[in-house]
Amino acid sequence: MLQINKNMSLLALTSILLFFFMAFTAIDARILPPAVVDTDGNPVQVGVYYHLVPPPRLGAGGGLALGPNRNHSKTCPLSVVQLGLDAMRALPIRFIPVAPLGDGVDVRTSTDYIFEFNTTGTNSSICGKEPKWKVDEFDGSVGTYFISTTNEITTGMAYKFQIRRFGSIESVTTYKLFCCTTYPFVLCIDVGVYRDADGVQRLALTNDSPLELVFSKASSVEQINVL
Ligand SMILES: *[C@@H]1O[C@H](CO)[C@@H](O)[C@H](O)[C@H]1NC(C)=O
Ligand SMILES: *[C@@H]1O[C@H](CO)[C@@H](O)[C@H](O)[C@H]1NC(C)=O
Ligand SMILES: *[C@@H]1O[C@H](CO)[C@@H](O)[C@H](O)[C@H]1NC(C)=O
């Protein structure tokens with residue numbers, strides 16, 4: 001009997017807590033979309049570097065970095081690619097809000113960011129130390145838009161990327177990337193991988209197979225050669 005009462009009061013307490021939690025979450029959600037969380041469960045922060053890697057599982061491939069461009073040459077601008085098996089070789093990346101956000105530090109889902117690599121100390125720095133992602137113009141030869149980089153954002157350029165929730169794997173939240181191009185018309189679509197004839201896995205816009213990713217906080221001491 002005592003046991004039942006205990007359980008019931010626990011249930012009541014849980015309901016009350018849940019009610020307040022949901023009430024506050026609802027208020028918060030009206031103001032700002034949810035924060036993106038990293039593999040440790042901490043909010044992803046503006047200006048801090050992360051590795052974007054697929055959730056660790058067999059055949060998922062490596063992290064995001066710079067690779068040869070569509071001319072198959074290591075000349076500028078380099079393309080954004082997914083590496084082979086070694087996830088740790090991803091280049092550190094940070095997220096710069098396109099429009100100033102009220103609360104500052106947390107990176108949020110469904111919000112526009114500039115994605116910026118830090119190539120310092122790697123041989124990817126041949127095209128600048130802080131290349132930013134941009135969507136190339138439509139490539140009619142394969143019927144898709146590839147993602148490459150630029151050192152300078154200009155108007156008319158498609159460079160705003162969003163992070164959207166994909167799912168979760170063993171309590172780690174996974175995400176996909178999302179982008180709106182402006183040419184030849186406005187098209188909002190997921191970011192996936194296009195495997196080139198030479199085996200390079202290029203990031204490209206896709207409407208059927210978004211790339212599932214997690215955010216792993218980068219340590220400042222990593223020096224990698226990825227190209
Ligand atoms: C590829 O080469 C062509 C012709 O030289 C040039 O116009 C184009 O800008 C190059 N593209 C890239 C991505 O380097
Ligand atoms: C890029 O990374 C290097 C090495 O970790 C660091 O010293 C530098 O401050 C970083 N650049 C920026 C703009 O934070
Ligand atoms: C960068 O480093 C990698 C690994 O050491 C090497 O395979 C590649 O040829 C280098 N690329 C350039 C442009 O130096």
Side-chain angles (χ1 to χ4, degrees), residues 32 35-56 61-69 73-109 111-136 146-163 172-173 175 177-179 191 200-203 211 213-227:
L32 292 166
V36 177
V37 292
D38 68 13
T39 48
D40 296 322
N42 299 318
V44 169
Q45 308 277 284
V46 166
V48 174
Y49 288 101
Y50 295 84
H51 295 294
L52 279 184
V53 295
L64 305 189
L66 288 168
N69 60 36
S73 72
K74 292 175 182 174
T75 55
C76 303
L78 295 170
S79 294
V80 181
V81 302
Q82 183 186 12
L83 297 171
L85 281 178
D86 184 358
M88 292 318 290
R89 289 154 75 222
L91 273 179
I93 187 167
R94 65 178 179 177
F95 314 98
I96 302 164
V98 170
L101 287 175
D103 76 330
V105 292
D106 290 348
V107 170
R108 296 189 175 272
T109 54
T111 304
D112 287 332
Y113 291 92
I114 294 169
F115 283 33
E116 187 187 86
F117 279 129
N118 184 343
T119 63
T120 305
T122 77
N123 65 0
S124 293
S125 60
I126 53 167
C127 300
K129 290 197 166 19
E130 287 138 35
K132 295 147 191 64
W133 291 23
K134 75 181 251 286
V135 180
D136 278 340
F146 289 105
I147 297 173
S148 71
T149 49
T150 178
N151 287 315
E152 211 175 328
I153 303 275
T154 58
T155 51
M157 192 183 272
Y159 59 89
K160 299 172 191 173
F161 293 88
Q162 295 189 359
I163 299 157
V172 173
T173 309
Y175 297 92
L177 308 180
F178 184 83
C179 174
V191 174
V200 176
Q201 303 191 113
R202 302 180 179 286
L203 260 63
L211 178 63
L213 295 164
V214 296
F215 293 71
S216 163
K217 197 170 178 180
S219 83
S220 58
V221 291
E222 280 158 295
Q223 296 229 328
I224 48 163
N225 283 328
V226 293
L227 205 69

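Both counts, for ligands and for their atoms, begin at 1 and track the order of listing.
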Inset, instruction - Identify, by atom number and element, the atoms of ligand 2 in contact range of Y49, meaning under 4.0 Å from any of its heavy atoms. - result: 11 (N), 12 (C), 13 (C), 14 (O)
Legend entry - D106 side chain to Q45 side chain, donor-acceptor N/O pair below 3.5 angstrom: yes
Inset, instruction - Indicate, with yes or no, if the rings of F95 and F215 have centres closer together than 6.0 Å. - result: yes
Inset, instruction - Examine ligand 2 and decide if any of its atoms is less than 4.0 Å from a heavy atom belonging to R94. - result: yes
Legend entry - Residues N69 and S79: side-chain donor-acceptor under 3.5 angstrom: no
Inset, instruction - Return a yes/no value for E130: is any of its N or O atoms, backbone included, closer than 3.5 angstrom to an N or O of ligand 2? - result: no
Inset, instruction - Assign the ring pair F115 / F161 to parallel, tilted or perpendicular, where the plane angle (0 to 90°) is split at 30° and 60°. - result: tilted
